[in-house]
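Below is one structure, written out as structure tokens, with a few remarks after it.
Here the structure is a predicted model, which means the values were calculated and not measured. Each ligand, and each atom within it, is numbered from 1 in the order the structure gives.
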Amino acid sequence: MSKETVLNIHELEYAVRDFKILKKVSLEVKKGEFVGVIGPNGSGKSTLLKNIYKVAVPDRGKIYVNGCDLAHMTNRQMAREIAVVAQENNTNFDFTVEEVVAMGRYPYKRMMEPLSDSDIAAVQQMVRTVEMEDFLKSSFLNLSGGEKQRVLIARALVQDTGLIILDEPTNHLDIGSQIRTLQLMKNSGKTILAALHDLGIASKYCDRIYVMFEGKILCKGKPDEIINAELIEKLYGVHAEVFGHHGRTFIDYQ
Ligand SMILES: Nc1ncnc2c1ncn2[C@@H]1O[C@H](COP(=O)(O)OP(=O)(O)OP(=O)(O)O)[C@@H](O)[C@H]1O
């Protein structure tokens, strides 16, 4: 029996004024899959993700999460289904790291209901998992870009949703933090859809990849099936040699 579909996007279209950013984009993510979206700057990756987490509203097409039409879900229902680590983060209030991670528990609380002991334990555990325990009571605003990123990843995991959306989750992270973060995501067993720029990282962690180009899905498949010199030339205008080894893909940019 095939795995159940967590996210199903059907012929999504989105435009700003008369500029069509997404052109009939269809995509599917099955339970437990780590699916990447790659493509050059401006190809529509972030816009696609924003339509999924409702910062943008599609002009046409459908998005189903666990079989429910996203258009009919309340924000609270959505927050129990989808956690998001967005590219921009506009947190301007002076919350501590602990408070920011704890926000991940609020979709499960009634108005003004305090966190339970198990919520607090989960928050503290996740802060340790992303190696930010020394900053628990520190101001989120004073953190470096990479530290903020790790805190937001902890918040997404504490939210305990089936689906996590990541928009370039490693763009502020040093190589050690990149590997630890993606491995943590992979080990979490969550269903993940991530926009990624680094093709080496994408091929190492993704079960499947969708390639976006000029607002459309150009191709999709397993990393070693689709990442090749011809694709890299078309997407980025760069010559590269691509080597396959034990199912992994290695890229030497010329
Ligand atoms: N609100 C908006 N108004 C006008 N144009 C927009 C808007 N949002 C996105 N665009 C344009 O849509 C295109 C796709 O943008 P998007 O941010 O989705 O690309 P991306 O693939 O995520 O790029 P990057 O890799 O640089 O993050 C770009 O040309 C961008 O300038």
Are there over 12 heavy-atom neighbours, none belonging to [X], within less than 6.0 Å of that residue's [atom1]?
| X | atom1 | result |
| --- | --- | --- |
| Lys109 | NZ | yes |
| Asp174 | CG | yes |
| Lys54 | NZ | yes |
| Lys23 | NZ | yes |
| Glu230 | CD | no |

Is any side-chain heavy atom of Val158 less than 4.5 Å from a side-chain heavy atom of Arg105?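 Yes - at least one pair of side-chain heavy atoms lies under 4.5 Å apart.
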
Under a 4.5 Å cut-off applied to non-hydrogen side-chain atoms, are Val29 and Ile9 in contact? no

Within 4.0 Å of atom 30 (C) of ligand 1 (strictly less), any protein heavy atom? no

To check your reading of the model: name the closest protein heavy atom to [atom], its residue, and the distance in Å.
| atom | result |
| --- | --- |
| atom 10 (N) of ligand 1 | Ile21 CD1, 3.5 Å |
| atom 18 (O) of ligand 1 | Thr47 OG1, 2.5 Å |
| atom 13 (C) of ligand 1 | Gly42 O, 3.5 Å |
| atom 11 (C) of ligand 1 | Phe19 CE2, 3.7 Å |
| atom 17 (O) of ligand 1 | Ser46 CB, 3.6 Å |
| atom 25 (O) of ligand 1 | Lys45 NZ, 2.7 Å |

Near Gly44, which atoms of ligand 1 are under 4.0 Å from a heavy atom of that residue?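 Going through ligand 1 atom by atom, the ones under 4.0 Å from Gly44 are 14 (C), 18 (O), 19 (O), 20 (P), 21 (O).
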
Tell me the contacting part of [X] for ligand 1: side chain, backbone, both, or neither, using a 4.0 Å heavy-atom threshold, strictly below.
| X | answer |
| --- | --- |
| Val16 | side chain |
| His197 | side chain |
| Pro40 | backbone |
| Asn41 | both |
| Glu168 | side chain |

Are Gly39 and ligand 1 in contact, using a heavy-atom cut-off of under 4.0 Å?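 No, Gly39 has no heavy atom closer than 4.0 Å to ligand 1.
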
So, for Leu166 and Leu49, which heavy atoms are closest and what is the spacing to 0.1 Å?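 Minimum heavy-atom contact is O-CD1, 3.6 Å.
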
Testing Leu7, Leu70, Asn8, Val6 for side-chain contact (heavy atoms from CB on, under 4.5 Å) with Tyr64, which one passes? Asn8

